[in-house]
Protein chains: 2
Amino acid sequence: MRAKKILMKEVKFTCKANPVDLNEIGKMSIEECKRRLAELSKGLSHPARVEIVRMLEDKPPEERCVCGDIVNALPLAQSSVSQHLKVLKETGWLQGEIDGPCVCYCTVEGIMEYYMTLIKKSLQGE
Amino acid sequence: MRAKKILMKEVKFTCKANPVDLNEIGKMSIEECKRRLAELSKGLSHPARVEIVRMLEDKPPEERCVCGDIVNALPLAQSSVSQHLKVLKETGWLQGEIDGPCVCYCTVEGIMEYYMTLIKKSLQGE
DNA sequence: ATCGTTTATCGTAGATATACGATAATAAAG
DNA sequence: CTTTATTATCGTATATCTACGATAAACGAT
């Protein structure tokens with residue numbers, strides 16, 4: 001149903017994620033850590049969102065932008081995928097950057113390590 | 001409001017968690033991994049549940065059972081805490097074992113490492 | 001058997017999540 | 001300026017989550 005058209009414009013993949021700062025966790029209070037962990041965990045708490053993060057984390061840096069390809073890869077309506085992307089942005093997993101008619105999404109650089117550090121500090125640290 | 005009474009009975013801390021098998025992840029399909037990751041993430045997606053897992057993970061093995069102490073530690077009604085404990089059991093973070101009038105909760109042994117392995121495989125592995 | 005303690009479950013109300021189609025907004029192409 | 005492609009947002013329906021008080025169930029103590 002969805003006609004695949006190739007964009008005439010040469011897309012510039014400018015999706016450079018602001019990296020997270022791991023040292024920041026050391027300065028966070030335990031309460032803040034737990035709040036943040038719950039938030040990031042909510043991002044991963046739906047299979048479709050796990051799949052999205054995987055798609056983006058999987059890609060080599062030069063082809064990180066998938067825009068509407070994410071919609072095609074998932075068995076969901078475009079509006080539903082858009083909502084999941086919004087949740088992932090809000091919880092801090094993704095960054096989106098408008099690039100012409102499409103939007104370039106990528107994971108926040110280092111977010112996986114950030115998440116795992118947060119788990120360790122929140123669940124057993126201090 | 002809540003009268004603290006000491007149990008007359010000498011409580012046996014028999015809460016020995018069946019450890020998770022890390023090798024099992026290697027045999028799981030990617031789809032199964034993502035499903036499982038979403039499930040475990042849902043467990044951590046609420047600050048109260050993060051706090052509960054922390055409380056239990058924190059404890060040395062000989063005092064792992066906190067039963068109603070969890071209720072006292074959280075600013076929630078007993079029934080609400082019980083519901084959170086149920087979610088944590090269902091998503092695979094905790095085990096509960098009935099021990100007389102109270103219930104002995106502990107984290108599933110090795111669940112944190114299991115979770116982190118799952119993250120790696122689900123988000124970047126294969 | 002009865003009482004008190006502990007925990008789970010029920011019923012319920014309000015909030016949030018999930019999914020969809022329809023529509024609006026943005027920008028490239030013609 | 002109009003059309004087309006892409007994405008976000010709106011409106012809506014249904015489901016799940018979260019919290020609480022009330023009640024039930026289990027068990028030790030008396």
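Fair warning: this is a prediction, and the values are worked out from it, not measured in the lab. We name chains A, B, ... by the order of the sequence lines, and we start the count at 1 in each one.
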B:Lys86 has an atom NZ; how far is it from atom P of C:dC10, in whole Å?
-> 7 Å
When rounded to the nearest 0.5 angstrom, what distance separates CD1 in B:Ile30 from CZ in A:Arg54?
-> 4.0 Å
Could you check how far CG of A:Leu76 sits from P of C:dG21, rounded to whole Å?
-> 11 Å
What nucleotide among D:dA8, D:dC17, C:dA19 has an atom nearest to a side-chain atom of B:Lys42?
-> D:dC17
Could you give the CD-to-P distance, from A:Glu39 to C:dA17, as a whole number of Å?
-> 11 Å
Nearest listed nucleotide, side chain of A:Lys89, among C:dA8, D:dA8, D:dC20 = D:dA8
Which listed nucleotide (D:dA19, D:dT7, C:dG21) is nearest to the side chain of A:Val103?
-> D:dT7
Between CD of B:Glu97 and P of C:dT7 the distance, given in whole Å, is 14 Å
Minimum-distance nucleotide to A:His46 side chain [options: C:dA22, C:dA8, C:dA19] = C:dA19
Would you indicate, yes or no, if D:dT18 has its OP1 or OP2 atom less than 4.0 angstrom from a side-chain nitrogen or oxygen of B:Ser80?
-> no
Base D:dA8 paired with A:Gln78 side chain (donor-acceptor, <3.5 Å) = yes
Between D:dC20, C:dA19, C:dC20, spot the one nearest the side chain of A:His84, thanks.
-> C:dA19
Report yes if at least one side-chain N or O of B:Tyr105 is closer than 4.0 Å to OP1 or OP2 of C:dT6; otherwise report no.
-> no
Length of the line joining A:Leu74:CG and C:dC20:C1', which is rounded to integer Å = 15 Å
Just to confirm, is there a sub-4.0 Å distance from OP1 or OP2 of D:dT7 to any side-chain nitrogen or oxygen of A:Ser82?
-> no
Sidechain-backbone polar pair: B:Lys121 side chain, B:Ile25 backbone, donor-acceptor under 3.5 Å = yes
B:Arg49 side chain, from C-beta outward: closest of D:dC20, D:dT18, C:dC20 | D:dT18
Should the pair B:Glu39-B:Lys42 be classified as a salt bridge under the 4.0 Å nitrogen-to-oxygen rule?
-> no
What's the CG-P distance between A:Asp99 and D:dA5, to the nearest Å?
-> 18 Å
Of the nucleotides C:dA22, D:dC27, C:dT9, which one has an atom closest to the side chain of B:Pro101?
-> D:dC27
Sub-4.5 Å side-chain heavy-atom contact between B:Ile52 and B:Leu94 = yes
Could you tell me whether a side-chain N or O of B:Ser82 sits under 3.5 Å from a main-chain N or O of B:Gln78, the two making a donor and an acceptor?
-> no
Which of the following nucleotides, C:dT9, D:dT18, C:dA19, is nearest to the side chain of B:Ser79?
-> C:dT9
Kindly assign one of parallel, tilted or perpendicular to the pair B:His46 and B:His84, based on the angle between their ring planes and the thresholds 30° and 60°.
-> tilted
Between CD1 of A:Ile98 and C1' of C:dA28 the distance, given in whole Å, is 14 Å
Is any N or O donor-acceptor pair between the side chain of B:Gln83 and the base of D:dC20 shorter than 3.5 Å?
-> yes
Within this structure, what is the CG-to-P distance between A:Leu44 and C:dA17, rounded to whole angstrom?
-> 15 Å
